[in-house]
Structures are given as C-alpha cells and as structure tokens.
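Reminder, nothing fancy here: chain letters follow the sequence lines and each chain counts from 1. Source: prediction; values computed, not measured.
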Number of protein chains: 2
Amino acid sequence: MTKRGPTLEDVAREAGVSRATVSRVVNGVRNVDPGLQDVVRQAIETTGYSPNGAARSLVTRRAETVALLVSGAGDGFAARVFADPFFGRIVSGAVTYLRGRAMHPVLMFAESDEARSQVVDYLRRGSADGALVVSLQADDPLPQMLLHARVPVVLFARPPQPLPVSYVDIDHYQGGRLAAEHLLARGSRRLAAISAPQDLPAGRDRLAGFRDALDHAGRGPVPVVEGAFTLDSGAAAMIRILEEHPEVDGVFAANDLMAQGACQILREQGRRVPDDVAVVGFDDSSIAVTCRPPLTTVRQPVEKMAAAMAEALAGHLQGSASGQTRVVFDPELVVRESA
Amino acid sequence: MTKRGPTLEDVAREAGVSRATVSRVVNGVRNVDPGLQDVVRQAIETTGYSPNGAARSLVTRRAETVALLVSGAGDGFAARVFADPFFGRIVSGAVTYLRGRAMHPVLMFAESDEARSQVVDYLRRGSADGALVVSLQADDPLPQMLLHARVPVVLFARPPQPLPVSYVDIDHYQGGRLAAEHLLARGSRRLAAISAPQDLPAGRDRLAGFRDALDHAGRGPVPVVEGAFTLDSGAAAMIRILEEHPEVDGVFAANDLMAQGACQILREQGRRVPDDVAVVGFDDSSIAVTCRPPLTTVRQPVEKMAAAMAEALAGHLQGSASGQTRVVFDPELVVRESA
DNA sequence: GTGAAAGCGCTAACAG
DNA sequence: CTGTTAGCGCTTTCAC
C-alpha cells in the first residue's frame, strides 16, 4: 500500500501551471482559459491523476457520501433484511437519486449496540455527510443517537416517539381503509387481520384504518393477530385465525411477506385463495408478484419515497432546507388475484 | 454545516498536554502515563471530541473502509439483487468479519457504466481501501477496471477469464455431482437440469459435475434448460422441461430461486414434489427453508466464504499477503423434503 | 485569468 | 514518557 499516486503538484508541473489552476479545472470552476484547460486535462490524462478524497474532504468538510442505515436487531440481521424485497426498493430509489448528484450511498447495518456506535462514529468522523435511516424497531435508539450527534438525518417513516426530525412516509391509515373497502366490495364478510407490530405507528395506523372502514360499514370488530413482518409470523397468525375463526373469508395482512405466509397456510389447509378466503397484502413488493396467487396489495411508492428522502437530505446538506422536512405519500390499491 | 467540532488541539489545551499525547491516547498507543491518560480521556469527554476521518486518512493513507461491490446490469438492479437471499448471507458474513477489525463495509452497486466508473472513482480517491466484489455477469468489466486501477480486490467466485486476482469459491463441479448422486440414490431415473448461465464458470462446473456423475452411473445425457438464476427463469425452464419430457421425475436446479420456480410450476401442473418429481436446488439460501416443500439443496457456506474474502483482503491491505489468495470451499448436500 | 501562500486536523518521526 | 516539528494533498482567499 505504498502506492502514492500522482498529486495535484505532479499534474501542475506536467502542465506547467500552478496547483490552483489544476484544482480549478478539476472542479470545473470557470475563470480558466480554455486553452490552459486543455493542457491541464492532457496532463491529468498522462499522469493518471485522481484526486485524493481525504485531502479534499479535509478542506471542504464534505465527504460527498451519505449513509443508508438499516437499523434493527438480531443475528443474521443483514440476511433477514434482504429477505424482504422492500429494502431493495428503498436502496434502488435512493441510489437512483444520489447517483445524479455524484453522491455515494453507503449501506450500513446497525443491528447491535456495537454496530450502532460504529455507525454513529462513522458519521461523527465525517466519513459520511448525513444519513437516511430505515428503522425496524419501535424502541430503536439510533435516530436519537444520530440527532444527538448532530448528524443530518432523514427517516423512512414517522418515528414512534415524536422527534424533531425529517421523514418520509405514506398515509398508513388510508392504506388500511383501502384494504377493508376492497375486501368488502368483493363480498368478503367475515374478515380478520394479521397486523403489523402495534408499537410501530405504521402498524397502528394500518389497523386503525382497516377497523374504522369496517365499523363505518357496520361490519363490527374483527379478530386481529399481531405479526412481525416475517413470513413465519404471517403463517403462524393465519393458523391461529383459522383455529379461532374457521369461517373467515377475508384477511388483511400488514405486509406482503405475511400475506404470503398466510396464503401458504390457507393452501395447505385446503382453502382456495381468493375463492374461499381473500387475502390483501401491503407494500406491493416483488413478493406480491411472485406469490401464488399474485397478491392484491396496498402499494407504497417506495422508490419515490426513498428518492424523496435523499432529496430532503440533500436539501439539508446544502443548507437550503431548514427545520424538518416531512413528506407523506398516498397509498394505492393494486388488484391482482388474491382478492 | 458550519459545525466545526472540537479538534485535537482543543482537547490538548483542555488537558494541558500536547496534540501528540492526545493522539496517542486516542489511538491506544502505549507509552503514555496512565495518569495523563485519564486526564486526556476526561478532556475528550468534556469537549465531546471525535477524530476527523479525513485528516486521519490523509496521513495514514487508510480509510478503514472496504467496499462491498455487487456488479451486474439492468434496471432496478438493487431490488433484484435483494430478491435473492444469497446476498444477504454474503453481506452478513463480510460484515461480521470486518466489524471485529473496526473496518467499515460500504455496499455499492455497479449496474451501469456510469455506476461502475463512480465506484472505481470512489476507490481511486482512497475513500475505501479495497473491494470485495460479487459479479453477476460473465462479461463484467468491473474486476478488470479495479485491477487496472490497482485497487486491492477479492472476488466472490473464480472469474470467467483468467485474471491475476484473489478469489474465494466453492467446488461447483463437486456440487453438481452431489445433486446427481442424491437424485439417483433416491430412485429418480428420468432426470433433467435447469442450469445456471453457461458463460459463468460456476454454471458450467455445476452442470458438468451433474452430467459426469450421471454418465458415470450409466444414466446417459439429460435434457438441460438454461436459466438466469431468477424465479421466473426457473419456472419457465420447468414448463419447457415438462412439455418436452413429461416423464421427468427428478430435476436439478442450479440455484434455490429457480428450484422454487420449478416447484411452483410442478404444483400448478398437479405434480407432487418429491413423490412425482424430486427437486434439488443449490445455495441453501433462506428460500430453501421457506419454499414448499422445503428444498433439498447443495449448500454453499456463503457466510464463511464472505468472511474468507474479507480476511484475504485484510491480508492484502496490511501487506502480509502477497500475490493472489485463492480459497475453495467444499459444498455439502442438505437433505430436506423436495428430494 | 493565474499564482502564492495559508491552512484543514491529524499522525509520525525525532528529540529530549 | 512527552513535546516539537513536519508534512499528508487539497481548496481557497488574496494579490497580481
């Protein structure tokens, strides 16, 4: 690693100009004679020069990098996170936006106290200019830690506790309503819900919207089993619902992965989807398409949301945005075969 | 962003010592009086000091960061990558190893020419010290670009063209044999294969091992349909196999995702797995467990392989490893229900 | 329009 | 064991 590439100095010598001029050319600052520009560019070419990021960051105080943080807990966290295609969409959306602004996204996992403090450290050191964070736990301390460390941050989803922070979200309540109304409209009468964790605002809102729509239609209270966003938890919830309410003919699962688990159980128990039991999921992740049958689901425009997060962060970084930015998107029902 | 945190200088003043001493304490260099150490640590505490990464990197020429590159092509690449749990395991393994060495993994996608040059740029700038790369395309130019830029790199899997580069892989040929022998041993006689892309060494080797084992057992040539590692391609291949060889009673799919696609088709066409048609997958990803029925599959110790990659890279970085490191693991058959 | 010079915050010899 | 002294490679006033 004693590979010391050429520096500005080398290029300047080669081009017969000063470091300052080379710097201006490299950074596209005008006020440089077009002729000289060519000479410099030529010199850069022949020397194979590439600017040193550390030196640059040291003076500009910018790393041109933003951290994309996924926070949660447990062993094999990265593997579990990737099990839900949801995250691929977030990353995709963020990457797409950032790429155009020449910012580098770096994905990091914060699944333990150690990992969290390493992440905060990374930001405090200035290795990244800000963070986009997706938090999977209600009691996740990461957002607070980041805020406390004065790191510019934008969250995916409104945090469980009120925090002076920017975030991007969808109207989950409305999403729950959409699911209920669709099930009702197609004729399902004995409904049940596999909810998201109720310590998450999204979980509460989706369920509240679902329930309110049902109440509004005079379709009283429904059985609810709480899931954990995983395939297994969806399957387990479905089993319990079938035991306790064998007459069920419509289920709203708070994400697609749980809906898939529910479908598997239904099929195993000989119920046809949607003929015997209709199933509505949430997210419209790739699972919705590959699931058998393909899922009717409430779509979150995740890529757009991620792009909005990146945009908000970029705004904060260049100081054009003050205070908190909060963007709430509308969900949309996507009808496929499961309901 | 005019937030200029406290510097070494500030801490030194607060503690009444020189910058050098504070630096020593921060970096855990001994030769510092224990008493002074406490004073310094106290000063760090009260000032809320955190070292500046750029300044440090500038002199150490190390970013304490390694890039984890996933290279391929196409729209929504990140989303597709995440659709295969395989990557979660790679990330998991690498992260686990790196964490202990206080190195930060940064995940980046290189799915277009633009993205690739940005990635190379990132490395050339010194923002990361080296790269672990997972390449999904036979003609991927990224490894070459990295090598050319003199970036320390370790690949996941042997590259299609011989390259003077370190890599970690498994014995795919042996994996194909394991699959064939298992299918034969359980009594399947009319076999077929859904292969991986044949421009990939892994794809060729898996198929060769499968075929050779069959030949060896006197079970002649088998129909082969090439897939693309995706669920859909597995399903499509299965459909074609059923059309052309309805008598098939055993299938080897070159990864779990394609095996899952095959299982879905088989079920839809009224074939029981494994009773009518046995299916063997490859990878032992989380899909193998969640698939119905759970897949018998050839396991790649992906987490260990990723850790080995990180270890090899770390070796190169500290200069203790010279030339290329090549590690080849043995695959292992995991028997579940599908065969 | 261009160059000279002053750091950015840190580590690493080198003295003492 | 501790302090002094040089830079690391770059951007950025400030003169010219």
For B:Asp169 and B:Val328, indicate whether the former's side chain and the latter's backbone hold a donor-acceptor pair under 3.5 Å.
no
B:Leu8 versus B:Ser23: any side-chain heavy-atom pair under 4.5 Å?
yes
Rounded distance [0.5 Å steps], CG in B:Asn52 versus CZ in A:Arg61
7.0 Å
Go through residues 10-25 of chain B and report each residue with a non-hydrogen atom lying under 4.0 Å from DNA chain D, sorted by number.
B:Val17, B:Ser18, B:Arg19, B:Ala20, B:Thr21, B:Arg24
For B:Ala310, all residues meeting side chain to side chain contact (heavy atoms under 4.5 Å, CB included), sequence neighbours excluded
B:Tyr97, B:Leu98, B:Leu132
Specify the separation, in whole Å, of atom CG of A:Asn31 and atom P of D:dT12.
14 Å
Here the distance between atom P of D:dC10 and atom CG of B:Leu58, to the nearest Å, is 9 Å
Look at all strands and tell whether B:Asp33 reaches a base, only sugar-phosphate, or nothing, counting heavy atoms closer than 4.0 Å.
sugar-phosphate
Does A:Asn52 place a side-chain N or O at less than 4.0 Å from the phosphate oxygens OP1/OP2 of D:dC8?
no
Give a yes or no on whether the backbone of A:Val29 and the side-chain of A:Asn27 come within a donor-acceptor separation of less than 3.5 Å.
no
Lys/Arg-Asp/Glu bridge criterion (N-O < 4.0 Å) met for A:Arg125, B:Glu64:
no
Give the first and the last nucleotide of DNA chain C, reading 5' to 3', that has any atom under 4.0 Å from a heavy atom of chain B.
C:dG9 to C:dA13
Residue mapping more 5' on DNA chain D - nearest nucleotide basis, B:Ala55 or B:Val32
B:Val32
Upstream residue (5' side of DNA chain C) when A:Leu36 and B:Val26 are each assigned their closest nucleotide:
A:Leu36
Should the pair B:Asp10-B:Arg13 be classified as a salt bridge under the 4.0 Å nitrogen-to-oxygen rule?
yes
Examine distances only and state if a side-chain atom of A:Ser166 and a backbone atom of A:Thr325 form a donor-acceptor pair shorter than 3.5 Å.
yes
How do A:Arg56 and B:Pro34 order along DNA chain D: which one's closest nucleotide is nearer the 5' end?
B:Pro34
